[in-house]
Amino acid sequence: MSELRVRFAPSPTGYLHVGGARTALFNWLLAKNKGGTFILRIEDTDVERSTKESVDAILEGMKWLGLEWDEGPFYQSDYFPLYKEHVQKLLDSGKAYKCYCASEELDTKRNLAMQEGRKPKYDGTCRERAEQPDGQPYVVRFRAPQGGVTAFDDLIKGTITFPNEELDDLIIQRTDGTPTYNFCVVIDDASMRITTVIRGDDHVNNTPRQIQLYEALGFPVPQFAHVPMILGSDKARLSKRHGATSVIAYRDMGYLPEALLNYLVRLGWSNGDDEIFSREEMVQKFDIGNVGRSASVFNTEKLNWLNAHYIKNGDPERLADLLLPHLSVREVTTLNGPDLMVVVRTLQERAQTLEEMAERAVFYYNAPLSYDEVALAKFDKELLLSVFSAVMEKLSKVSEADVSGIDALFKEVCNENGWKMGQVGQPVRIALSGGTQAPGIGEIVVTLGIEETIRRIQAAREFVAGK
RNA sequence: GUCCCCUUCGUCUAGCCUGGCCCAGGACACCGCCCUUUCACGGCGGCGACACCGGUUCAAAUCCGGUAGGGGACGCCA
């Protein structure tokens with residue numbers, strides 16, 4: 001194991017969304033690639049908004065994607081004493097001070113500053129305050145360095161420099177005594193000996209403040225890698241109004257974890273012209289330096305293509321298992337029908353998602369209750385009747401059959417009666433599945449079995465005859 | 001408003017560091033053709049971009065400067 005230690009630190013205020021998942025993926029990949037350690041930490045210092053349900057949802061999403069962590073999950077709420085201790089240390093050394101300004105007052109000042117086009121930073125009222133009023137509520141502020149600049153070499157974006165005058169004295173402890181985010185992250189990352197912080201680039205602006213804290217606390221400063229945001233089709237930050245953003249929602253819509261992972265890894269990262277990456281390949285080829293600097297738009301079409309690819313090449317047995325829940329929401333039971341694995345094989349090349357596959361699989365288990373009348377109307381009633389009869393006649397003479405045998409049988413029927421394949425195949429397909437979009441005739445017949453096939457053709461024949 | 005970041009086909013991107021092999025390559029989508037008993041799969045082809053303006057250079061997508069556009073941050077949220 002190398003010294004590399006990374007972490008994914010979501011705040012439990014919702015489910016795991018695709019942006020978070022990609023950040024987690026990049027962390028995981030770097031850890032696996034370098035033989036490092038991947039840590040999961042739950043940032044629940046905001047007691048108001050953090051929920052157990054969210055924690056569970058995040059863990060569920062991580063597990064589904066197979067992003068297993070080596071240490072944790074750790075909860076920041078378990079470390080309040082540790083943070084307190086460090087706040088005290090800064091207070092004692094004069095690197096932090098108590099601020100008695102009322103929050104409403106600060107809000108007013110901030111708004112005023114923005115309106116007047118000034119920097120909305122803390123004005124330092126309590127910075128040099130001599131007397132310490134007793135019993136007054138206060139927050140603790142970090143005494144930020146005044147002049148100079150704070151810079152860091154971002155692994156993705158390169159050198160980023162901030163003038164220190166842009167940074168004000170941030171609050172590290174609230175009136176109620178709880179520590180704030182920017183402070184906790186620093187303490188945690190330092191105590192967990194994180195070497196590389198990979199996170200969304202909405203944190204770029206927090207980085208200089210955190211670096212100053214590391215320095216004030218005497219901790220080594222880790223490396224940073226800020227990954228660009230994921231946008232919706234309108235180039236605005238991806239959100240619910242763009243459609244599903246939850247990883248679990250993608251699972252429920254019938255996406256395979258390897259497809260989502262493959263999609264996510266290519267969103268912002270590349271390895272030449274390669275598009276398809278197995279888990280092992282991405283681990284082997286991942287290089288944080290190849291992550292792009294600009295935001296990218298989430299594109300469901302491409303995700304669909306990848307999902308179709310993985311369905312096409314997936315193991316039928318596994319797909320059958322994964323398909324089951326999608327079938328049961330349709331109240332389809334596979335007990336009295338064909339082997340689901342066989343069904344899957346006939347559908348693999350035709351489905352982009354498991355939902356779609358389930359939809360197309362229904363007819364195998366539930367004989368059609370109605371037929372595609374428009375498609376049926378393209379054929380003569382008399383032709384339909386004779387085709388159905390001829391096919392049943394032929395079918396009744398075979399007991400066992402394979403796909404090529406059935407295909408040959410249909411050709412025979414055509415030849416003997418002077419029909420074209422389209423005149424025979426299509427009606428039978430409608431008789432068997434109810435519609436026109438289905439696997440090859442041979443595949444359906446073999447999967448359904450001769451007996452059931454005849455039964456369905458008979459039913460269709462009666463339907464046509466009765467018209 | 002201030003600060004930070006970003007800018008190659010509609011979308012994801014290669015190329016940029018180490019100028020010439022790039023009148024810019026791949027993929028998704030789209031359009032055509034082929035295959036075909038349907039729907040798909042597959043095969044072949046097409047459409048389509050270096051944000052803009054200047055500079056450096058024999059030569060710039062690549063280096064430099066500026067402009068414009070987009071995003072992010074500015075919380076006792078994380």
Asker: For B:U2, what is the paired nucleotide under Watson-Crick or G-U wobble rules, both distances under 3.5 Å?
Answerer: B:A73
Asker: Taking B:A61 as the reference, what is the distance to B:G15 when you measure between their C1' atoms (whole Å, please)?
Answerer: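 After rounding to an integer number of Å, I get 8 Å for this pair.
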Asker: Base contacts versus sugar-phosphate-only contacts with protein, heavy atoms under 4.0 Å: please encode nucleotides 62-73 of chain B as B, S and - from 5' to 3'.
Answerer: ---------SBS
Asker: Applying a 4.0 Å non-hydrogen cut-off, can you work out what A:V297 is touching in the nucleic acid: base, sugar-phosphate, or nothing?
Answerer: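 Here A:V297 touches the backbone only, sparing every base.
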Asker: Can you tell me if the side-chain N/O atoms of A:S296 get under 4.0 Å from OP1 or OP2 in B:U13?
Answerer: yes
Asker: Can you measure A:F298 atom CZ to B:U11 atom P for me and round it to whole angstrom units?
Answerer: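 Interatomic distance, CZ of A:F298 to P of B:U11: 16 Å.
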Asker: When rounded to the nearest Å, what value does the distance between C1' atoms of B:G1 and B:G10 take?
Answerer: 34 Å
Asker: What's the closest nucleotide to the side chain of A:R350 if the choices are B:G26, B:C39, B:A78?
Answerer: B:C39
Asker: Base, sugar-phosphate or nothing for A:S270? Non-hydrogen atoms, less than 4.0 Å.
Answerer: sugar-phosphate
Asker: What distance, rounded to whole Å, do you find between the two P atoms, one in B:C52 and one in B:G26?
Answerer: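 The answer is 22 Å between these two P atoms.
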Asker: As a test of reading the structure: which of B:C3, B:A78, B:C41 is closest to the side chain of A:R49, going by heavy atoms?
Answerer: B:A78
Asker: Quote, to the nearest angstrom, the P distance that separates B:C74 from B:C17.
Answerer: 35 Å
Asker: In this structure, which one of A:M421, A:Q423, A:E416 forms a side-chain contact (heavy atoms from CB on, under 4.5 Å) with A:W419?
Answerer: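 Of A:M421, A:Q423, A:E416, side-chain contact (heavy atoms from CB on, under 4.5 Å) with A:W419 is met by A:Q423 alone.
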Asker: Under 3.5 Å for both donor-acceptor distances, Watson-Crick or wobble: does B:G10 have a partner, and if so which one?
Answerer: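 Across all strands, the one nucleotide that pairs with B:G10 is B:C28.
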Asker: Using atom C1' in both nucleotides, what's the gap between B:C30 and B:G48 to the nearest angstrom?
Answerer: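 To the nearest whole Å, 10 Å.
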Asker: Is the base of B:C34 syn or anti, if syn means a glycosidic angle within 90° of 0?
Answerer: anti
Asker: What's the gap between B:C28 and B:A49 when it is taken at their C1' atoms, as a whole Å value?
Answerer: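 Here B:C28 and B:A49 have their C1' atoms 16 Å from each other.
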